[in-house]
Amino acid sequence: MAKLRPLGDNVIVKPLNAEKTTASGIVLPDTVSKEKPMRGKIIAIGEGKEDKTLNAKIGDTVIFTQYAPTEVKIEGEEFFILGFDSVLAVEE
C-alpha cells in the first residue's frame, strides 16, 4: 500500500465499492453504480488544528459528502483525500 500522510485537518480514505443491488433486491443500472462512493475506510488522519479534531480513528468506515474528496491514484490504488468537515458519520 502507498505511503500517504495527510496534512492539517485532512483524512485519507480508501473508497468502498458501491452496492449494485439495493437491500430490497433492485438492481441498479451501471450509471448509478459508477458514481463516486460515499463510503470509505480511513487509512490515515492528519494532526488536525487546535479547534478541530476528528471523532474517528484509522480503520473506521465513514460516510462523507459526495463531491468533497480529491481523488488520487498511487501504485494503481485509488484513494480519497478529504477534510474533517466532509466526514458526516462513522458506521458502527
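In this chain, residues are counted from 1 in sequence order.
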With clusters defined by side-chain heavy atoms of hydrophobic residues (ILVMFWY) lying less than 4.5 Å apart, directly or transitively, does V13 cluster with L88?
no

Hydrophobic clusters here meaning ILVMFWY residues chained together by side-chain heavy-atom distances under 4.5 Å, can you tell me if V90 and I63 are in one?
no

If you look at every heavy atom in [X] and [Y], which pair is closest and at what distance?
X	Y	result
F80	P15	CE1-CB, 3.7 Å
F84	L54	CE2-N, 3.6 Å
F79	I74	CE1-O, 4.2 Å
P6	A44	CD-CB, 3.5 Å
G40	F64	N-CE2, 3.7 Å

Donor-acceptor contacts under 3.5 Å from residues 55-62 side chains, at least two apart:
| from | atom 1 | to | atom 2 | distance (Å) |
| --- | --- | --- | --- | --- |
| K57 | NZ | D60 | OD1 | 3.1 |
| D60 | OD2 | K57 | N | 2.9 |

Partner set under salt bridge (charged side-chain N to carboxylate O under 4.0 Å, His left out) for E47, not counting sequence neighbours:
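Salt bridge (charged side-chain N to carboxylate O under 4.0 Å, His left out) list for E47, sorted by chain: empty.
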
Listed by chain and number, what are the salt bridge (charged side-chain N to carboxylate O under 4.0 Å, His left out) partners of K41, not counting sequence neighbours?
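None.
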
Salt bridge check, K14 against E78: does any charged N sit closer than 4.0 Å to a carboxylate O?
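So E78 does not pair with K14 through a salt bridge.
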
Hey, are the side chains of T70 and L82 touching, using non-hydrogen atoms and a 4.5 Å cut-off?
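Not touching, per the 4.5 Å side-chain cut-off.
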
Return the OG to CG distance between S86 and D9, rounded to the nearest 0.5 Å.
9.5 Å

